[in-house]
Amino acid sequence: MIAFVSGPVAAVGPDTAVVEVGGVGMAVQCTPTTLSGLRVGQPARLATSLVVREDSLTLYGFADDDERRVFELLQTASGVGPRLAQAMLAVHSPDALRLAVATGDEKALTAVPGIGKKGAQRLLLELKDRLGEPVGRPAAAVAAPGWSDQLHTALVGLGYAPREAEDAVAAVTPQAEAALADGGSPQVPQLLRAALQTLNRAR
């Protein structure tokens, strides 16, 4: 088990970072929030979880040990693989997930791409005694940044100039507003991919 990787960041992509460890580039799958805190050429330490499949070895990276622990606990629920567990952490912090499960907040779970109403109900039931209570401040006291701030931070973290990031956020705003109009919430990972496409076309 690779518990963490530490070293200079060699590259940052939409969903992957490459960290140089002893002369070897380790590709690590990360959420947009984790990626936004990384800078190419700067040292980083990511808690990691190695997922072994018959045809692949995938390393998932996290900002801290608590996030990794929740990632692994989420996968103890039926139907939750590493990709869905990471999607849940891309939308909610570990404490927000603990609070959602503790309070039976079905809507919070259906905000995650790939989780429907029945899936959320099942997850609330299965995870109730596994995630534990929130360990930080109450969620109400923690003002989560809006989707536009998260997206802007992620784009700047990927190396784009603040002005370019602002233009990309503006380009995907209609997509985010459409999600809000439908009663959902804008999903930063999907908006990030769309924003990167607009930036690539502009260059």
Side-chain angles (χ1 to χ4, degrees), residues 1-75 80-94 97 112-114 144-145 147-172 186-203:
M1 167 97 179
I2 301 174
F4 69 90
V5 294
S6 180
V9 178
V12 179
D15 54 13
T16 308
V18 178
V19 179
E20 185 180 337
V21 181
V24 177
M26 305 286 284
V28 187
Q29 298 278 325
C30 303
T31 66
T33 303
T34 299
L35 290 169
S36 70
L38 303 178
R39 299 290 182 272
V40 174
Q42 297 296 312
R45 184 187 187 279
L46 295 173
T48 56
S49 179
L50 180 64
V51 176
V52 180
R53 295 285 185 265
E54 287 184 8
D55 57 349
S56 67
L57 294 173
T58 307
L59 201 58
Y60 290 84
F62 309 94
D64 55 40
D65 292 335
D66 183 46
E67 197 171 77
R68 178 188 61 197
R69 188 160 48 246
V70 170
F71 171 79
E72 292 173 346
L73 285 171
L74 290 172
Q75 292 176 75
V80 179
R83 288 191 180 280
L84 183 56
Q86 190 178 51
M88 293 171 76
L89 285 165
V91 175
H92 298 295
S93 69
L97 284 171
V112 178
W147 69 266
S148 57
D149 291 337
Q150 291 183 50
L151 184 57
H152 188 275
T153 301
L155 290 167
V156 172
L158 291 172
Y160 291 97
R163 179 67 188 174
E164 287 182 301
E166 289 170 14
D167 291 342
V169 170
V172 300
Q187 304 300 324
V188 174
Q190 286 94 317
L191 291 173
L192 179 60
R193 283 192 286 273
L196 289 170
Q197 289 174 354
T198 67
L199 287 164
N200 289 336
R201 284 198 295 268
R203 286 189 166 183

Side chain of Q29, backbone of Q86: donor and acceptor closer than 3.5 Å? no
Do the side chain of T48 and the main chain of I2 share a donor and acceptor less than 3.5 angstrom apart? yes
Taking A63's backbone N and O only, do any of them form a donor-acceptor pair with E67's side chain (distance below 3.5 Å, no angle check)? yes
Point-to-point distance, once rounded to the nearest 0.5 Å, from CG of L74 to CG of L89: 6.0 Å
Residue pair L35 / G13: nearest heavy atoms and the distance that separates them: CD1-O, 3.4 Å
Value for OG1 (T34) from CG (D15), rounded to nearest 0.5 Å, stands at 12.0 Å
Heavy-atom pair of closest approach, residues P8 and G41: CB-O, 4.4 Å
How long is the span from the CG atom in L192 to the CD atom in Q197, to the nearest 0.5 Å? 10.0 Å
Heavy-atom closest pair (R45 atom, D65 atom, distance to 0.1 Å) is NH1-OD1, 4.5 Å
Judged by atom type as modelled, is there a donor-acceptor pair below 3.5 Å linking the side chain of R83 to the main-chain atoms of V80? no
Hey, does L199 have a side-chain heavy atom less than 4.5 Å from the side chain of L155? yes
Using side-chain heavy atoms (C-beta onward) and a distance below 4.5 Å, is V112 in contact with H92? yes
I'd like to check V91 versus P113 (side-chain heavy atoms, cut-off strictly below 4.5 Å). Are they in contact? yes
Say you draw a straight line from CZ of F71 to CG of D66; how long is it, rounded to the nearest 0.5 Å? 14.0 Å
Using modelled atom types only, decide if a donor and an acceptor are shared between the side chain of R68 and the backbone of A3 within a distance under 3.5 Å. yes
Determine the minimum heavy-atom distance between A10 and V40, stating which atoms define it. O-CG1, 3.8 Å
Is there side-chain contact between L196 and Y160, with at least one heavy-atom pair below 4.5 Å? yes
Between CZ of R69 and OG of S49, what distance do you get to the nearest 0.5 Å? 12.5 Å
Just by distance, do the side chain of Q42 and the backbone of L38 share a donor-acceptor pair under 3.5 Å? no
First locate atom SG of C30, then atom OH of Y60, and finally report the distance between them rounded to the nearest 0.5 Å. 11.0 Å
Taking all heavy atoms of A171 and all of T198, pick out the closest pair and write down the distance. CB-CG2, 4.1 Å
Heavy-atom nearest pair, V19 first then S6, reads CG1-C, 4.1 Å
